[in-house]
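A quick write-up on the structure given underneath.
So you know, we letter chains A, B, ... as the sequences are listed, proteins then strands, and number each from 1.
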Protein chains: 2
Amino acid sequence: MARFPARAKRRNTYHHGHLRQALVDEAVATIRARGVHALTLREVGTRLRVSRTALYRHFADKNALLAAVATEGFRTFRAALQQAWDAGGHGREGFMAMGRAYLLFALDNPSHYGVMFGGHLHDAALHPELAVEGDAAFRVLVNALVDLQQSGLVRRDDPQALAVFVWATTHGTAMLVSGGQLGHERLGLDAATAIVMPRVWDGIAVRG
Amino acid sequence: MARFPARAKRRNTYHHGHLRQALVDEAVATIRARGVHALTLREVGTRLRVSRTALYRHFADKNALLAAVATEGFRTFRAALQQAWDAGGHGREGFMAMGRAYLLFALDNPSHYGVMFGGHLHDAALHPELAVEGDAAFRVLVNALVDLQQSGLVRRDDPQALAVFVWATTHGTAMLVSGGQLGHERLGLDAATAIVMPRVWDGIAVRG
DNA sequence: ACCTGAACACCGTTCAAGT
DNA sequence: ACCTGAACACCGTTCAAGT
């Protein structure tokens with residue numbers, strides 16, 4: 001019944017058994033708080049009270065850690081989209097809620113979103129799980145569009161093509177708004193949603 | 001009449017009088033060829049046969065050099081948009097040509113485009129010339145939209161809002177296509193243009 | 001003004017070695 | 001298997017000094 005000592009001793013010497021997840025969490029926290037450029041493998045290590053090179057037991061290099069961060073981001077992102085679509089009761093309102101959720105995620109976690117889409121990753125192709133999660137998030141949108149088509153609300157074009165248009169528009173809006181790239185025009189979440197989403201709807205809806 | 005020697009001697013010791021532009025050009029070339037992550041101040045210096053720190057006479061830091069690269073990008077970008085709009089004879093066709101030119105620029109110079117929009121720049125606000133050039137490029141689009149409104153082709157909504165929608169969609173498409181972020185769906189320039197631009201037009205055109 | 005070399009503090013990554 | 005410390009090659013940036 002007293003087998004804890006062994007575990008305790010182990011924890012002191014070899015760290016916990018979930019270093020990988022701890023590394024990802026720490027990286028996400030750093031990125032969220034201070035941006036990608038502030039992410040340092042050495043600091044991640046010391047903050048986790050682990051050697052600077054312990055990380056290499058779980059990731060090939062810094063890029064692989066970033067890929068894991070992006071993968072994790074896609075997971076919560078997809079959940080947020082799905083939840084908004086469901087909570088919005090599908091239909092036009094659900095679609096709008098999804099769009100708002102998309103922008104909300106991007107504006108709330110600009111740095112994390114940047115890792116997912118910003119091109120900080122060098123060889124995304126080398127990380128299949130990343131592609132899988134990205135696809136899964138994309139598929140939430142495709143499925144919603146198919147549903148909207150079946151309800152007679154959206155044109156019966158190729159849903160993939162429609163999804164590309166919708167995703168691109170929302171993504172572009174997120175990047176422009178969060179980066180403040182449009183110069184003078186500083187937009188907030190609601191303003192951006194109000195400007196862009198109705199027009200996206202016009203671009204895909206059945207003509208009335 | 002023979003005052004060249006002085007110049008020649010000077011060139012050997014103090015480099016040419018256009019180091020700043022040479023630095024930007026070299027940075028652009030490196031980024032274009034090998035990506036932002038390969039840009040090194042030290043290498044830029046040695047390739048220009050100049051000390052590693054000569055750069056600091058012209059730029060506060062690496063970020064300032066990147067801002068200059070982005071500024072230069074916006075200049076040629078704006079010219080490309082304007083040229084397409086004019087060559088397309090304005091109207092719907094000119095608008096489509098502009099959209100294609102946008103995507104062409106982004107796909108032809110993905111890394112340079114990435115510096116302009118990708119968030120590699122830390123404090124874009126600190127570089128006013130960058131904002132000026134970005135605004136100028138944006139205004140080409142706004143002006144085109146106003147023209148289209150006067151021709152009765154585009155709805156008479158706030159042109160700025162219309163421009164945000166158009167820009168965001170095109171920008172998003174460029175990012176997604178160049179990053180191959182849409183998973184399986186690998187799109188080329190023409191496919192992306194064909195999918196997105198007609199729908200953008202539907203989103204802004206006068207209802208027929 | 002414009003340029004330089006040496007130096008500083010800081011990276012990511014490798015590797016032989018420990019448990 | 002998992003972790004470590006020392007070492008390597010490489011950064012951006014500062015600074016006193018040169019012309």
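- Looking at the side chain of A:L41, the nearest of the listed nucleotides C:dT4, D:dT13, C:dG12 is C:dG12.
- For C:dC2, the paired nucleotide is D:dG18, the pair qualifying as Watson-Crick or G-U wobble because both relevant distances are below 3.5 Å.
- To the nearest angstrom, C1' of C:dC2 lies 18 Å from CZ of B:R52.
- With C:dC11, C:dT14, C:dC2 as the choices, the nucleotide that has an atom nearest any side-chain atom of A:Y56 turns out to be C:dT14.
- In this structure, the side chains of A:V154 and A:W201 come closer than 4.5 Å at one or more pairs of heavy atoms.
- The base of C:dG12 sits with one of its N or O atoms less than 3.5 Å from a complementary donor or acceptor on the side chain of A:R42.
- Regarding B:N63, its CG atom lies at a distance of 18 Å from the P atom of D:dC11, rounded to whole Å.
- Each of A:E43 and B:A54 lies near DNA chain C, and the nucleotide nearest B:A54 is the one positioned closer to the 5' end.
- Counting only heavy atoms from C-beta outward, the side chains of B:L19 and B:H58 approach each other to under 4.5 Å.
- B:L48 has its CG atom 16 Å from the P atom of C:dC2, to the nearest Å.
- To the nearest angstrom, C1' of D:dC2 lies 13 Å from CG of A:L55.
- The side chain of A:H58 places no N or O atom within less than 4.0 Å of a non-bridging phosphate oxygen (OP1 or OP2) of D:dC2.
- The base of D:dG5 is paired with the side chain of A:T53 by a donor and an acceptor separated by under 3.5 Å.
- As rounded to whole Å, 10 Å separates atom C1' of D:dC15 from atom CZ of B:R57.
- Rounded to whole angstrom, the span from the NZ atom of A:K62 across to the P atom of C:dT13 amounts to 8 Å.
- If you take CG on B:D147 and CH2 on B:W85, they are separated by 4.5 Å, rounding to the nearest 0.5 Å.
- Between B:S51 and the phosphate of C:dC3, there is no side-chain N or O to OP1/OP2 separation shorter than 4.0 Å.
- Side-chain nitrogen and oxygen atoms of A:T40 include at least one within less than 4.0 Å of the OP1 or OP2 phosphate oxygen of C:dC11.
- Counting non-hydrogen atoms under 4.0 angstrom, A:L39 reaches the backbone sugars and phosphates but no base.
- When rounded to the nearest whole Å, the span between NE2 of B:H18 and C1' of C:dC2 equals 15 Å.
- No more than 12 heavy atoms of other residues, nucleotides or ligands shown are found within 6.0 angstrom of CD on A:E93.
- The nearest whole Å value for the distance from the NE2 atom in A:H37 to the C1' atom in C:dG12 is 17 Å.
- Base-pair partner of C:dA7: D:dT13 (Watson-Crick or G-U wobble, both distances under 3.5 Å).
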Any chance you could lay out the ring pair (Phe, Tyr, Trp, His ring centres under 6.0 Å) test for A:F117 and A:F74, step after step, and finish with the verdict?
-> CA-CA 10 Å; A:F117 289 101; A:F74 273 118; 5.3 Å; yes
